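Have a look at the structure below before the remarks.
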Amino acid sequence: MEYARAEGCAGYDFSALERHWQGYWDAAGTFAAPTGDGRAPYYILDMFPYPSGAGLHAGHAENFTGTDVLGRFKRAQGRNVLHPMGWDAFGLPAEQYAVKTGVHPAETTRVNTDNFRRQMKALGLGIDWSREINTTDPDYVRWTQWIFLQLFQKGLAYVDERPVNWCPALGTVLANEEVIDGKSEVGGHPVERRALRQWVLRITAYADRLLDGLADVDWPHSTKSKQIHWIGRSTGAQVFFPVKGQDARIEVFTTRADTLHGATYMVLAPEHGLVDSLTTPEHVEAVAAYRSQAAAKSDLARTELSKEKTGVPTGAFAINPVNGKEIPIWVADYVLGGYGTGAIMAVPAHDERDYAFAQTFGLEIVPVVRPDEATEPTLPFEGDGLAFNSGSLDGLTTDQAKERIIEELSGSHQGQAMVQYRLRDWLFSRQRFWGEPFPVVWVDEAAYKAARAVAGDVAAALPETPVQYAEGGRTWHALPIPPSQLPVTLPDLADFRPSGNGESPLAKATDWIAVWFNVRSGETRSASLPRPEGTDWVAAQRESNTMPQWAGSCWYYLRYMDPACAVAPASPEALQYWKAPDFYMGGTEHAVLHLLYARFWHQVLFDAGVVPTREPFPKLFHQGIILGEDGEKMSKSRGNVVNPDDFIKTHGADTFRAYLMFMGPLEDEKPWQTKGLEGPHRFLQRVWREFTGETGGLAEKVRSDATDSLPTQKLVHATIKKVTEDFESLRYNTALSQMMILLNHLIKEPVISDETARTFARLLAPIAPHIGEELWARLGGRTSVVDGGWPTYDPALLVEDEVQIGLLVNGKPRSEARVPKDASEADVVTLAQNDPKVAAFLEGKTIRKVIYVPGKILNLVAT
RNA sequence: GCCCGGGUGGCGGAAUGGUAGACGCUGAGGACUUAAAAUCCUUUGCCCGCAAGGGCGUGCGGGUUCGAUCCCCGCCCCGGGCACCA
């Protein structure tokens with residue numbers, strides 16, 4: 001493909017220019033990034049887009065343009081830049097659309113990705129399209145399933161009954177975002193909680209690793225902070241309370257073991273396993289009523305009513321292990337079943353919630369910590385202080401008391417130090433069609449034992465502890481469909497409607513669900529066929545749940561490094577070369593979940609020796625949200641959505657990109673202003689008029705035999721410096737403003753050297769690549785401007801002999817002066833005293849002090 | 001309630017201890033034009049003043065400093081996250 005300027009381009013015909021250069025990049029493969037290239041690699045990653053029917057929105061455009069500018073800049077500096085793109089294409093909207101219209105999600109996905117790709121090309125993004133990936137491709141699904149098998153084999157995947165949003169009227173499980181105020185988003189039917197068997201990933205096993213790893217990554221502080229809170233590590237003690245008259249004990253977690261002497265009652269969460277056995281006959285009815293009432297409450301209702309504490313006594317008593325005191329055991333929903341042990345020791349004197357509860361129900365309150373020896377605590381007192389009323393702990397500080405009591409409890413086997421996390425295990429299954437099938441079949445115990453006993457692919461992929469569940473008196477065991485048999489693809493469904501019983505629509509594909517399974521090789525055959533020959537075949541049921549959308553986005557950055565690899569998610573060679581994205585950019589909405597889940601998978605893969613780095617994303621950056629013209633979040637209902645296509649048509653992609661980068665700091669939230677587009681648009685038009693000639697070559701004032709004036713040279717080099725530094729730190733808005741300053745200056749000059757024109761083209765090209773290429777081609781470039789090198793500046797030209805300084809009296813600016821850069825303080829003071837504007841303020845005063853900052857200010861302090 | 005961000009002209013923003021408002025938008029005036037668009041020039045923080053000039057000014061109140069948009073303390077407002085996590 002020949003590198004040549006766009007022909008027949010009269011005036012600044014941005015549409016023709018953009019078509020020409022986009023065609024060139026495609027045909028020449030300009031942005032292909034070969035693995036193992038001698039250049040230093042630079043891997044830039046955008047957060048994985050979901051190809052929705054609405055097409056690219058302004059936020060996408062800002063994100064992708066921001067990374068594209070960086071990529072083109074790094075490329076010009078000689079790096080082998082990998083900037084890939086792909087599609088996070090499983091997910092709910094395509095399935096909902098299929099239910100409504102019968103159009104297969106695969107077809108919807110194809111149409112939408114075609115549109116996204118078209119829009120990205122129209123934006124002029126320098127993407128290596130040879131590496132395009134799609135999470136719904138069987139070849140991609142294969143490796144998503146392969147990674148799941150790694151988790152499964154290591155015992156990090158299990159099944160458990162978990163509550164879901166069940167809508168009886170729709171006969172389906174709803175995602176949280178499909179439930180609005182306890183009603184289904186579609187139709188407004190009531191939604192209730194119903195426990196279903198689910199796959200769960202043991203992310204809590206990696207809680208400490210996920211916490212510690214944050215120290216090694218260059219991420220926005222606020223995002224690290226969100227993850228730290230999400231993981232919520234808290235250290236304290238587990239304490240055992242025997243139940244009076246029963247052979248049972250209640251285990252609690254507390255961060256304030258030092259207040260144990262102040263524990264005057266206990267609370268079990270309504271779902272706690274001991275509630276039934278503890279409750280005395282006269283309380284059974286009230287407790288049962290309270291529990292069913294609590295179970296009916298949605299999370300929202302539980303939160304809304306949080307001010308009012310409710311609960312019922314069980315009639316049972318526990319014994320405080322430190323003082324033998326008998327304390328009542330209550331059931332209350334202010335204690336969460338899912339955190340800690342689901343039970344607490346209540347210390348009303350030193351916990352706001354326990355205090356409120358004790359007040360409501362008239363329970364005893366015993367203070368055991370005071371701010372200091374002389375001061376009685378104001379209850380509830382939650383701060384640190386000195387222990388009292390606490391036997392052996394009396395007089396100790398809170399920290400000392402915690403340490404001491406844990407020692408004592410450990411010694412007598414009544415408790416021990418313990419760490420708890422707010423983080424819960426990850427609910428990893430969805431009752432959906434449009435997702436990755438689990439590479440798992442369910443078999444009876446005999447078949448499971450057979451699989452264990454036979455050396456083969458299946459046994460190799462089994463965890464030590466079986467994954468199983470009981471249903472209708474039978475125990476089902478999970479057997480892996482081993483790597484050699486992947487991918488497990490979705491069956492052809494004609495009807496995408498829910499099964500009606502809470503299972504995925506896949507449950508209706510009986511030919512697919514019921515299989516003959518070979519316990520040695522892991523092969524499957526539909527059970528509608530006769531049982532194959534041989535002793536290794538058993539009857540099995542496929543898992544009908546699918547994986548959540550997070551699955552595909554948990555490892556896509558690995559696949560980009562080696563998208564066609566047939567033996568692993570990516571080959572060791574590719575991983576070794578690219579390592580990890582040097583720069584990862586996306587919105588803050590993924591600050592916790594996506595970024596935490598992906599880190600979890602990555603750490604598991606690191607432990608398995610699959611990836612060479614401990615963390616997936618060493619450097620992360622969030623672009624700010626672009627608001628609508630009205631200053632509100634863009635939304636269809638507000639009608640304030642900006643569609644890139646519209647502005648690319650009227651102003652061109654270069655203007656659109658330049659405006660996005662010019663609006664303000666990339667990380668800031670900022671409103672779109674259609675009028676504001678005019679600034680960058682006029683700028684690019686002026687660039688065109690300044691450098692190009694009407695007949696298609698260069699403007700007459702651009703000459704190879706011209707020498708720039710000294711002020712021009714100085715400004716050119718100052719601009720190279722500023723733009724380079726600003727690009728490096730993503731301050732594209734100020735980089736552009738500097739280019740505007742330079743252009744405004746050049747316009748006033750009678751001639752411009754072609755060298756300066758080439759510099760300008762290269763500085764501008766990352767932001768406005770089409771006009772950049774065109775100028776470069778007309779200036780004699782033979783290959784893309786991204787390979788034209790990056791201009792360097794001559795520091796000698798930046799040294800100013802004369803500088804402007806401010807003359808201040810008592811800190812207020814009164815005048816200014818041009819002085820030699822190394823002017824002495826005495827000279828400048830004399831000059832200032834002779835300046836009438838300064839002198840007026842010195843009238844009748846004595847100079848007490850002189851502050852001279854060379855090149856900046858002279859401040860005369862006078863009274 | 002707790003944890004993060006953030007408050008600068010009519011608007012987007014610039015300047016992180018040294019002349020606040022770069023650059024751009026908008027508005028006003030002018031040139032070119034039969035006219036308009038486009039383009040170019042001048043001007044555009046607020047108040048007083050014919051002007052020269054002066055005063056005020058970076059959410060509010062204090063403090064540190066020769067000097068504070070910038071650092072410290074206490075508030076107010078806006079945005080985001082978490083929310084009975086023991």
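Chain naming here is simple, since letters A, B, ... match the order of the sequence lines and numbering starts at 1 in each. Just so you know, these numbers use all the heavy atoms, side chains as well, and skip hydrogens, waters and symmetry mates. From a predicted model like this one, the values you see are computed outputs, not experimental measurements.
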Practice task
For each nucleotide in nucleotides 45-54 of chain B, reading 5' to 3', give B when a protein heavy atom comes within less than 4.0 Å of its base, S when such contact involves only the sugar-phosphate, and - otherwise.
Solution key: ---------S

Completion exercise
Here the distance between atom P of C84(B) and atom CD1 of Ile344(A), to the nearest Å, is 14 Å

Completion exercise
Among the nucleotides A86(B), A22(B), U39(B), whichever has the atom closest to the side chain of Arg689(A) is U39(B)

Problem - Distance below 4.0 Å between Arg686(A) side-chain N/O and U39(B) OP1 or OP2 - result: no

Problem - Arg422(A) vs G81(B): side-chain N/O to OP1/OP2 distance below 4.0 Å - result: no

Handout entry: Min side-chain heavy-atom separation Tyr339(A)-Arg424(A) under 4.5 Å
Key = yes

Handout entry: Rounded C1' spacing from U58(B) to A68(B) in Å
Key = 11 Å

Problem - Residues forming a side chain to side chain contact (heavy atoms under 4.5 Å, CB included) with Glu589(A), sequence neighbours excluded - result: none

Exercise for the section: Could you measure between the two C1' atoms, the one in G13(B) and the one in U26(B), and give it in whole Å? Expected result: 14 Å

Completion exercise
Readout for nucleotides 5-18 of chain B: B = base within 4.0 Å of protein heavy atom, S = sugar-phosphate only, - = neither; 5' to 3' it is S-----SBSS---B

Problem - Atom P, compared across U16(B) and C78(B): separation rounded to whole Å - result: 30 Å

Handout entry: Of the listed nucleotides C66(B), C25(B), C84(B), the one nearest the side chain of Val861(A)
Key = C66(B)

Fill in the blank from the handout: The Watson-Crick or G-U wobble partner of G79(B), with both key distances under 3.5 Å, is C4(B)

Exercise for the section: Write down the distance separating the C1' atoms in C56(B) and G17(B), rounded off to the nearest Å. Expected result: 22 Å

Fill in the blank from the handout: Across every strand shown, the nucleotide meeting Watson-Crick or G-U wobble geometry with C25(B) (both distances under 3.5 Å) is G10(B)

Handout entry: Short side-chain N/O contact to A86(B) OP1/OP2 from Tyr334(A), under 4.0 Å
Key = no

Completion exercise
Closest to the side chain of Asn744(A), out of U26(B), C82(B), G24(B), is G24(B)

Exercise for the section: Could you check which of A86(B), C23(B), C25(B) has an atom nearest any side-chain atom of Thr255(A)? Expected result: A86(B)

Practice task
Could you give the distance separating A14(B) and U64(B) at their C1' atoms, to the nearest angstrom?
Solution key: 27 Å

Could you pull out all donor-acceptor pairs under 3.5 Å where a side-chain atom in residues 805-817 of chain A meets a protein atom, sequence neighbours excluded?
| residue | atom | partner | partner atom | Å |
| --- | --- | --- | --- | --- |
| Asn810(A) | OD1 | Ala862(A) | N | 2.9 |
| Asn810(A) | ND2 | Ala862(A) | O | 3.1 |
| Ser815(A) | OG | Asp835(A) | OD2 | 2.6 |
| Glu816(A) | OE2 | Gln804(A) | NE2 | 3.1 |

Donor-acceptor pairs under 3.5 Å, side chain of residues 677-686 of chain A to any protein atom, not counting sequence neighbours: which ones?
| residue | atom | partner | partner atom | Å |
| --- | --- | --- | --- | --- |
| Glu678(A) | OE2 | His651(A) | NE2 | 3.1 |
| His681(A) | ND1 | His651(A) | O | 3.4 |
| His681(A) | ND1 | Thr655(A) | OG1 | 2.8 |

Practice task
Between U44(B) and C23(B), how far apart are the C1' atoms? Round to whole Å, please.
Solution key: 15 Å

Exercise for the section: Would you kindly say whether Thr65(A) and Arg657(A) are connected by a side-chain donor-acceptor distance under 3.5 Å? Expected result: no

Practice task
Using a cut-off of strictly less than 4.0 Å, decide whether Lys226(A) has a side-chain nitrogen or oxygen near OP1 or OP2 of G81(B).
Solution key: no

Exercise for the section: Using a 4.0 Å heavy-atom cut-off across all strands, classify Ile741(A) as base, sugar-phosphate, or nothing. Expected result: sugar-phosphate

Exercise for the section: Quick one: label Ser234(A) by what it contacts on the DNA or RNA (base, sugar-phosphate, nothing), any heavy atom closer than 4.0 Å. Expected result: sugar-phosphate

Practice task
Could you give the distance separating U42(B) and G63(B) at their C1' atoms, to the nearest angstrom?
Solution key: 45 Å

Exercise for the section: Could you check which nucleotide pairs with C71(B) in any of the strands shown, counting Watson-Crick or G-U wobble with both distances under 3.5 Å? Expected result: G63(B)

Practice task
Have a look at Ile805(A) and say if it touches a base, only the backbone sugar-phosphate, or nothing, with a 4.0 Å heavy-atom cut-off.
Solution key: base

Table of protein N/O atoms under 3.5 Å from nucleotides 56-59 of chain B N/O atoms:
| residue | atom | partner | partner atom | Å |
| --- | --- | --- | --- | --- |
| C56(B) | OP2 | Lys812(A) | NZ | 3.4 |

Exercise for the section: Evaluate the ring planes of Phe647(A) and Trp672(A), with Trp represented by its six-membered ring, and classify them as parallel (under 30°), tilted (30 to 60°) or perpendicular (over 60°). Expected result: tilted

Problem - Under 3.5 Å on both distances, the Watson-Crick or G-U partner of C56(B) - result: G45(B)

Problem - Any-strand Watson-Crick or G-U partner of U39(B), both distances under 3.5 Å - result: A31(B)

Exercise for the section: Pick the C1' atom in A86(B) and in A15(B), then give their distance to the nearest Å. Expected result: 48 Å

